[in-house]
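To start, the structure itself, in structure tokens.
All values below come from the heavy atoms of this structure, side chains included, with hydrogens, waters and symmetry mates left out.
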Amino acid sequence: MFLQVLGVLFLLLICAAGFFVWRLYRLARKRSGSDLATAIAVLPAMEMELEPSSARDWKEIQQLEYAESELKSVGAAHVGYYCAYHGHATIRVSMWNYKHQAVVVIYEGSSNGDSDHVRFVYEVSCRLPDGTLCVTSNQHALYDSRPARHRLVFREAGSILELLKAARSELERGEKISRIEDPKEYFMECYEDTTEWAWKPDQLRSDKTLQVLASVGVQVTEELMEDLVEMGQSHCVEVNINRARRKLVKNSRMNAAQWEKVRDRLVFVNECMKGEHLTEAVYELAGELSEVQERVIEGFEQNTEKLQDPVGAFQMLMQTLHIDAKRVAKMDSPVRTEVYLPL
């Protein structure tokens with residue numbers, strides 16, 4: 001199974017594969033006893049935190065040192081060591097910046113039930129004007145699918161330098177790559193793009209995802225699928241809030257101290273939201289509501305199962321409730337978003 005999650009932030013494979021799938025499946029079943037929990041365990045993780053780590057945590061330290069010495073020889077700069085978790089798998093990450101042209105990543109993955117059995121995967125990813133290119137040594141890329149603008153290629157490679165050469169050869173003649181200023185941020189952007197796509201309704205209902213779920217014994221009922229789709233919609237909301245927050249930080253004239261004061265008070269409203277997300281935003285901005293306002297909220301929730309314009313609906317709801325808030329920013333990409341502060 002950990003072959004699926006090696007390269008989890010670029011690759012995020014959801015192809016079920018052999019021994020590790022069944023080990024993790026049994027573990028998930030034993031601990032949860034729920035088809036929903038088992039489905040979540042084998043689908044791409046919605047949240048992924050890169051925890052600071054060190055080379056001392058790696059099992060195959062000599063293999064790591066050899067790969068890193070090769071990267072140093074071509075002028076790559078080390079970004080950091082990290083550790084991430086997906087289900088019951090542990091992924092150790094060594095991230096490198098290759099001349100701001102590519103992010104090179106060495107992964108070592110193991111199942112928590114068999115920590116001595118580890119696998120190495122190398123990846124090289126470049127930012128293109130209209131997407132990304134990821135070249136990986138993980139053969140499960142052959143069975144995976146990605147968003148159209150994220151090109152994923154498997155290449156056999158005996159070393160990390162071979163994979164770098166393979167990445168160059170994959171670039172189409174005259175195809176330009178864009179400079180990567182912040183490798184870790186780029187890393188997380190790739191992760192968010194891929195998970196958002198994987199949790200969209202058409203992907204959750206795709207034959208490939210249904211095969212994955214069936215392979216671990218999940219009986220996909222319409223009720224289960226509705227739960228997964230609802231989770232995917234909430235994930236889309238959160239991903240786009242994170243994107244808007246990063247964009248706001250980049251474009252803001254606030255210094256670090258000013259940002260710290262307002263960061264946790266900001267309320268984001270975007271076009272991916274459903275009625276319940278909008279009412280949550282109202283409570284964040286207004287705090288306690290009167291009985292009359294509560295009745296307005298109830299009526300809004302009952303009559304807004306589908307929203308054509310969530311941002312516009314939020315504005316009308318705020319006016320109807322006579323709630324004032326300061327709009328501090330608005331943006332049209334990647335999705336229409338408005339950012340508010342309570343008064």
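- Checked by atom type and distance alone, the side chain of His100 pairs as donor or acceptor with a backbone atom of Ile180 at under 3.5 Å.
- A donor-acceptor distance shorter than 3.5 angstrom exists from the side chain of Lys247 to the backbone of Ser333, with no hydrogens or angles considered.
- How far CG of Leu204 is from CG of Leu210: 9.0 Å, rounded to the nearest 0.5 Å.
- Between Glu338 and Arg327 there is a salt bridge, with a side-chain nitrogen of the basic residue lying less than 4.0 Å from a carboxylate oxygen of the acidic one.
- The number of heavy-atom neighbours closer than 6.0 Å to CD of Glu222, taken from other residues, nucleotides and ligands shown, is above 12.
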Begin with the C-alpha distance, continue with both residues' side-chain angles, and end with the deciding distance and a verdict on side chain to side chain contact (heavy atoms under 4.5 Å, CB included) for Phe300 and Val282. CA-CA 12 Å; Phe300 176 79; Val282 168; over 6 Å; no

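- Counting heavy atoms from C-beta on, the side chains of Lys72 and Trp96 come closer than 4.5 Å.
- Without hydrogens or angle criteria, Glu230 side chain to Asp227 main chain gives no donor-acceptor distance under 3.5 Å.
- The CG atom of Leu213 sits 7.5 Å away from atom CG of Leu224, with the distance rounded to the nearest 0.5 Å.
- Between the side chains of Thr194 and His150, no donor N or O sits under 3.5 Å from an acceptor N or O.
- Within 6.0 Å of CG in Asp332 there are 12 or fewer heavy atoms belonging to other residues, nucleotides or ligands.
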I would like to know whether Leu248 and Arg245 meet side chain to side chain contact (heavy atoms under 4.5 Å, CB included); could you show each step before the answer? CA-CA 5 Å; Leu248 186 62; Arg245 184 178 287 111; 5.6 Å; no

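- Side chains of Arg149 and Thr132 form no contact here, defined as non-hydrogen atoms less than 4.5 Å apart.
- Hydrophobic clustering, with ILVMFWY side chains joined whenever heavy atoms are under 4.5 angstrom apart, keeps Val249 apart from Tyr186.
- In this structure, the side chain of Ser34 engages the main chain of Leu36 through a donor-acceptor pair within 3.5 Å.
- Although no hydrogens or angles enter the test, the distance criterion places a donor-acceptor pair under 3.5 Å between the side chain of Arg151 and the main chain of Glu170.
- A distance of 13.0 Å separates NZ in Lys326 from CG in Asp324, rounded to the nearest 0.5 Å.
- Hydrophobic clustering of Ile, Leu, Val, Met, Phe, Trp and Tyr side chains at less than 4.5 Å, counting indirect connections, unites Val328 with Ile323.
- Between Phe187 and Tyr107, the ring-plane angle classifies as parallel under the 30° and 60° cut-offs.
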How far apart are the C-alpha atoms of Thr209 and Gln203, what are their side-chain angles, what is the distance that settles it, and do they pass the side-chain hydrogen bond (donor to acceptor under 3.5 Å, both in side chains) test? CA-CA 7 Å; Thr209 301; Gln203 292 304 314; 5.4 Å; no

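- Across all their heavy atoms, Gln258 and Asn255 have their closest contact at N-OD1, 2.8 Å.
- Side-chain contact between Leu50 and Met95 is present, with heavy atoms from C-beta onward closer than 4.5 Å.
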Could you walk me through whether Arg92 and Glu51 satisfy the salt bridge (Lys or Arg N to Asp or Glu O under 4.0 Å) test, starting with their C-alpha distance in whole Å, then the side-chain angles of each, then the deciding distance to 0.1 Å, before giving a yes or no? CA-CA 10 Å; Arg92 288 166 286 278; Glu51 298 181 3; over 6 Å; no

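- Taking CG of Leu341 as the reference point, atom CG of Leu285 lies at 8.5 Å (rounded to 0.5 Å).
- Counting only heavy atoms from C-beta outward, the side chains of Thr337 and Phe268 approach each other to under 4.5 Å.
- At distances below 3.5 Å, not a single donor-acceptor pair connects side-chain atoms of Glu108 with backbone N or O atoms of Phe120.
- Hydrophobic clustering, with ILVMFWY side chains joined whenever heavy atoms are under 4.5 angstrom apart, keeps Trp197 apart from Val229.
- Contact record, Ser53 with Tyr82: CB-C, 3.7 Å, taken as the closest heavy-atom pair.
- The minimum heavy-atom distance between Leu307 and Gly275, with the atom names listed, is CD1-N, 3.8 Å.
- Between His78 and Ser94 there is a side-chain heavy-atom pair separated by less than 4.5 Å.
- Of the inter-residue distances, the one linking Gln233 atom CD with Lys274 atom NZ reads 4.5 Å to the nearest 0.5 angstrom.
- Contact of the Asp309 side chain with the Val311 side chain is registered, since non-hydrogen atoms from C-beta on lie closer than 4.5 Å.
- Within the 4.5 Å cutoff, no side-chain heavy atoms of Leu133 are placed close to those of Leu152.
- No donor-acceptor pair under 3.5 Å is formed between the side chain of Ser234 and the backbone N or O of Met231.
- Each of Val104, Leu163, Val105, Leu164 was evaluated against Tyr122; a single residue qualifies, Leu163, per the side-chain contact (heavy atoms from CB on, under 4.5 Å) test.
- In this structure, the separation between CG on Asn270 and NZ on Lys330 is 15.5 Å, given to the nearest 0.5 Å.
- Counting non-hydrogen atoms of other residues, nucleotides and ligands closer than 6.0 Å to CE of Met316 gives a total of 12 or fewer.
- For the pair Arg263 and Glu260, the salt-bridge criterion is met [side-chain N within less than 4.0 Å of a carboxylate O].
- Between Cys134 and Glu123, the closest side-chain pair of non-hydrogen atoms falls below 4.5 Å.
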Full working for side chain to side chain contact (heavy atoms under 4.5 Å, CB included) between Tyr81 and Ile106: CA-CA 10 Å; Tyr81 294 108; Ile106 308 166; over 6 Å; no

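- Without hydrogens or angle criteria, Trp199 side chain to Pro44 main chain gives a donor-acceptor distance under 3.5 Å.
- Ion pairing between Arg243 and Asp193 holds under the 4.0 Å rule for side-chain N and carboxylate O.
- The existence of a salt bridge linking Glu284 and Arg265 is excluded, since no basic side-chain nitrogen approaches an acidic carboxylate oxygen closer than 4.0 Å.
- The minimum heavy-atom distance between Val267 and Ala281, with the atom names listed, is CG1-CB, 3.7 Å.
- Both Tyr283 and Val339 belong to a common hydrophobic cluster when Ile, Leu, Val, Met, Phe, Trp and Tyr are linked at side-chain heavy-atom distances under 4.5 angstrom.
- Taking each heavy atom of Ser54 and Trp58 in turn, the nearest pair found is O-CD1, 3.5 Å.
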Walk me through whether Met254 and Val262 qualify under side chain to side chain contact (heavy atoms under 4.5 Å, CB included). CA-CA 10 Å; Met254 290 184 288; Val262 302; 3.9 Å; yes

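- Val124 and Tyr66 fall into different hydrophobic clusters, where Ile, Leu, Val, Met, Phe, Trp and Tyr side chains are chained together by heavy-atom contacts under 4.5 Å.
- Scanning both residues, Glu162 and Gly158, for their nearest heavy atoms gives OE1-N, 2.9 Å.
- At least one donor-acceptor pair under 3.5 Å links the side chain of Gln293 to the backbone N or O of Ser290.
- By the 4.0 Å N-to-carboxylate-O rule, Glu181 lies close enough to Arg179 to be salt-bridged with it.
- A donor-acceptor pair is defined here as one N or O able to donate and one able to accept, closer than 3.5 Å; no such pair exists between the side chain of Ser137 and the backbone of Val121.
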Going through the checks in order, is the side-chain hydrogen bond (donor to acceptor under 3.5 Å, both in side chains) test met by Glu192 and Asn240? CA-CA 9 Å; Glu192 288 178 343; Asn240 283 290; over 6 Å; no

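- Ion pair Arg127/Glu189 flagged as a salt bridge, since at least one NZ, NE, NH1 or NH2 atom sits closer than 4.0 Å to an Asp/Glu carboxylate oxygen.
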